[in-house]
Amino acid sequence: MRRLQNYAAAFFGVCLTAGVVTSASAADPAFHKWLDGLFPEAQALGVSRTTFEAATRGVEPDLTLPDLDLPGREGAPPRGQAEFVQTPADYIKEANIARLAERAKKLAAEHSRTLAAIEQKLGVPGNVLLAIWGRETDFGSYKLPKPTITVLATQGYYGRRKDMFRQELLYAFQMLEEGHVKLADMKSSWGGAMGMTQFLPSEFYKYAVDFDGDGKKDIWHSVPDALASAAQQLVGKGWQRGTHWAYEVRAPQGVDCTLGVPEITRPVGEWLKQGFALAHGRKPTQAELAEPASLLLPEGIYGPAFLTLKNYYVIKEYNFSDLYVLFVGHLSERIDDPRPFETAWSKNTQLRTAQVESMQRTLTKIGLYKDKIDGKAGMLTRAALGAYQKANRLKVDCWPTAAVLDDMQRKSAIK
């Protein structure tokens, strides 16, 4: 849900543009009627007419936002987050990781007392929080470009998740009424996330904390508040104190890539007995040997492999993307350890969204895939592809390739 300016697009790989509102959107009276009609619900949250009118004055829908459900755009793949359309090599670029890690080292020293206090109280390591801060807003140097009210109103009226964003908009009005942020400072990503570590309004009310003791929960300007709030959110989603997020591993020769799904878990120690070895000679703690872990193969049999512990999925709740978690987790390690991934990412290319969607439909039809059709080569899609490859005596690599797509299309044509 992030990064719409040219610099940010280059850094984070987001293929979105912050275009101007079209004349058609400005002429939509139904949108303004819907927006005005929200006042009774806002008022029930304590929002005054003055605050509501100031927040909505001049607001026009921004139809350049992704994930909208607009007439005439049926069949067009929605523009989405970079982590869902790029290969791991594109998303987790070594140059970006190295640059952010160097900056994070300096910030770790600068905010050492704050980070230590947060970890002592909440159990989340400072390096993880720094990595989230770096990934979300480049340690605050990237300024979120969108007016939050415009984003939430547009998504609430035109978006594919209308109910969710409608509620977020009401919470945003409440934040303004209560003085948590000024309207001029209320900027966000295309998905309405705000502040140094990017919180939706509902997340602000659930998890924001005043860690610097000034009486305000300021995720926009206070580093202690922003980082402690991020930690509180991770704790709220189940963070386990003293447990790693994941370990890169060397998989044994001929590993069955269809095992790489969250539903298949084994204790870390059991994976090691089956021939997996932790990269760079790392050692799990004695307690972690008994922790359940699942196998993650982001590029099928190509590229690095990982054993993911519970905290991996906690970070994934912060941003639902495996590549996001790998970026944050790896960056958190690089702050203290300069070594890159032991196994390099492959040079495989990613098929187009429509092509992956075609694969998912075929896999669904033959009973190998039961998740949503979204054109994203996630864990379940990769495992289903592997099962298809097994059944059709193809090379089993659990990766969406043109060769597998051709095989599917050829068999469908015959039928």
Before giving the answer on salt bridge (Lys or Arg N to Asp or Glu O under 4.0 Å), spell out for Lys390 and Asp256 the whole-Å C-alpha distance, their side-chain angles and the decisive distance to 0.1 Å. CA-CA 10 Å; Lys390 283 184 180 180; Asp256 182 357; 2.8 Å; yes
Test side-chain contact (heavy atoms from CB on, under 4.5 Å) applied to Ile92 and Trp345, step by step: CA-CA 9 Å; Ile92 312 174; Trp345 296 110; 3.8 Å; yes
Identify the two heavy atoms, one from [X] and one from [Y], that lie closest to each other, and give their separation to 0.1 Å.
{"X": "Val268", "Y": "Ala293", "result": "CG2-CB, 3.8 Å"}
{"X": "Gln155", "Y": "Pro66", "result": "NE2-O, 3.2 Å"}
{"X": "Asp138", "Y": "Ser141", "result": "O-OG, 2.8 Å"}
{"X": "Tyr302", "Y": "Asn348", "result": "CD1-ND2, 3.0 Å"}
{"X": "Met359", "Y": "Thr401", "result": "CE-O, 3.2 Å"}
{"X": "Ala226", "Y": "Ile219", "result": "CB-O, 3.9 Å"}

Do the side chain of [X] and the main chain of [Y] share a donor and acceptor less than 3.5 angstrom apart?
{"X": "Thr51", "Y": "Val47", "value": "no"}
{"X": "Asp337", "Y": "Glu333", "value": "no"}
{"X": "Glu248", "Y": "Thr343", "value": "yes"}
{"X": "Arg382", "Y": "Ala377", "value": "yes"}
{"X": "His280", "Y": "Pro340", "value": "yes"}
{"X": "Glu299", "Y": "Pro88", "value": "no"}
{"X": "Ser202", "Y": "Glu168", "value": "no"}
{"X": "Trp399", "Y": "Ile301", "value": "no"}
{"X": "Asn319", "Y": "Val325", "value": "no"}
{"X": "His180", "Y": "Leu176", "value": "no"}

Could you check whether any side-chain heavy atom of [X] comes within less than 4.5 Å of a side-chain heavy atom of [Y], counting everything from C-beta outward?
{"X": "Leu385", "Y": "Cys398", "answer": "no"}
{"X": "Glu136", "Y": "Tyr324", "answer": "yes"}
{"X": "Leu38", "Y": "Leu35", "answer": "yes"}
{"X": "Ile264", "Y": "Thr258", "answer": "no"}
{"X": "Thr150", "Y": "Glu60", "answer": "no"}
{"X": "Ser332", "Y": "Phe327", "answer": "no"}
{"X": "Pro400", "Y": "Thr381", "answer": "no"}
{"X": "Phe211", "Y": "Leu227", "answer": "no"}

Ion pair [X]/[Y], N-O distance below 4.0 Å:
{"X": "Lys310", "Y": "Glu291", "answer": "no"}
{"X": "Lys376", "Y": "Asp322", "answer": "no"}
{"X": "Asp406", "Y": "Arg410", "answer": "no"}
{"X": "Arg334", "Y": "Glu94", "answer": "yes"}
{"X": "Arg241", "Y": "Glu119", "answer": "no"}

Worked verdict on Leu130 versus Ile335 for side-chain contact (heavy atoms from CB on, under 4.5 Å): CA-CA 9 Å; Leu130 289 171; Ile335 296 171; 4.1 Å; yes
What do you reckon, is NZ of Lys216 surrounded by more than 12 foreign heavy atoms closer than 6.0 Å?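 No, the 6.0 Å shell around NZ holds no more than 12 heavy atoms from other groups.
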More than 12 heavy atoms of other residues, nucleotides or ligands under 6.0 Å from CD of Gln120: yes or no?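 For Gln120, atom CD is not crowded (no more than 12 foreign heavy atoms under 6.0 Å).
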Reported [atom1]-to-[atom2] distance for the pair [X] and [Y], which is rounded to 0.5 angstrom:
{"X": "Leu68", "Y": "Lys162", "atom1": "CG", "atom2": "NZ", "value": "8.5 Å"}
{"X": "Leu129", "Y": "His111", "atom1": "CG", "atom2": "NE2", "value": "12.0 Å"}
{"X": "Tyr205", "Y": "Leu200", "atom1": "OH", "atom2": "CG", "value": "13.5 Å"}
{"X": "Asn311", "Y": "Glu317", "atom1": "CG", "atom2": "CD", "value": "12.5 Å"}
{"X": "Lys217", "Y": "Glu178", "atom1": "NZ", "atom2": "CD", "value": "9.0 Å"}
{"X": "Glu342", "Y": "Leu278", "atom1": "CD", "atom2": "CG", "value": "9.5 Å"}

Centroid separation [X] to [Y] less than 6.0 Å:
{"X": "Phe204", "Y": "Tyr171", "answer": "no"}
{"X": "His244", "Y": "Tyr247", "answer": "yes"}
{"X": "Tyr158", "Y": "Phe165", "answer": "no"}

Evaluate the salt bridge (Lys or Arg N to Asp or Glu O under 4.0 Å) criterion for residues Arg160 and Asp67: first the C-alpha distance (whole Å), next the side-chain angles of each, then the deciding distance (0.1 Å), finally the verdict. CA-CA 6 Å; Arg160 298 176 186 275; Asp67 210 27; 3.7 Å; yes
Would you please classify the geometry between the Phe199 ring and the Tyr207 ring as parallel, tilted or perpendicular, with 30° and 60° separating the classes?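 Geometry flag for Phe199 against Tyr207: perpendicular rings.
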Going by the angle between their ring planes, with limits at 30° and 60°, are Phe139 and Trp133 parallel, tilted or perpendicular?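 Perpendicular: the ring planes of Phe139 and Trp133 meet at over 60°.
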Could you give me the CA-CA distance, side-chain angles and deciding distance for Thr308 and Trp245, then say whether side-chain contact (heavy atoms from CB on, under 4.5 Å) is met? CA-CA 7 Å; Thr308 58; Trp245 65 283; over 6 Å; no
Lys316 charged N/C atom sitting above Tyr313 aromatic ring, 6.0 Å / 45°: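 So Lys316 doesn't make the cation-pi contact.
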Any cation-pi pair here, Arg49 with Phe39, using under 6.0 Å and within 45°?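 Judged by the rule, Arg49 and Phe39 form a cation-pi pair.
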Return the set of residues passing side-chain contact (heavy atoms from CB on, under 4.5 Å) with Asp185 (not counting sequence neighbours), or none when no residue passes.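 Only Val181, Lys182, His221 meet the side-chain contact (heavy atoms from CB on, under 4.5 Å) criterion with Asp185.
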Looking at residues at least two apart in the chain, or sitting in another chain, which of them share a side-chain contact (heavy atoms from CB on, under 4.5 Å) with Leu122?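 Leu122 satisfies side-chain contact (heavy atoms from CB on, under 4.5 Å) with Ile118, Ala231, Gln232, Val235 once adjacent residues are dropped.
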Verdict with supporting geometry, Glu177 and Ser48, side-chain hydrogen bond (donor to acceptor under 3.5 Å, both in side chains): CA-CA 7 Å; Glu177 179 66 36; Ser48 68; 3.0 Å; yes
side-chain contact (heavy atoms from CB on, under 4.5 Å) evaluation trace for Thr114 with Val223: CA-CA 9 Å; Thr114 294; Val223 172; 5.7 Å; no
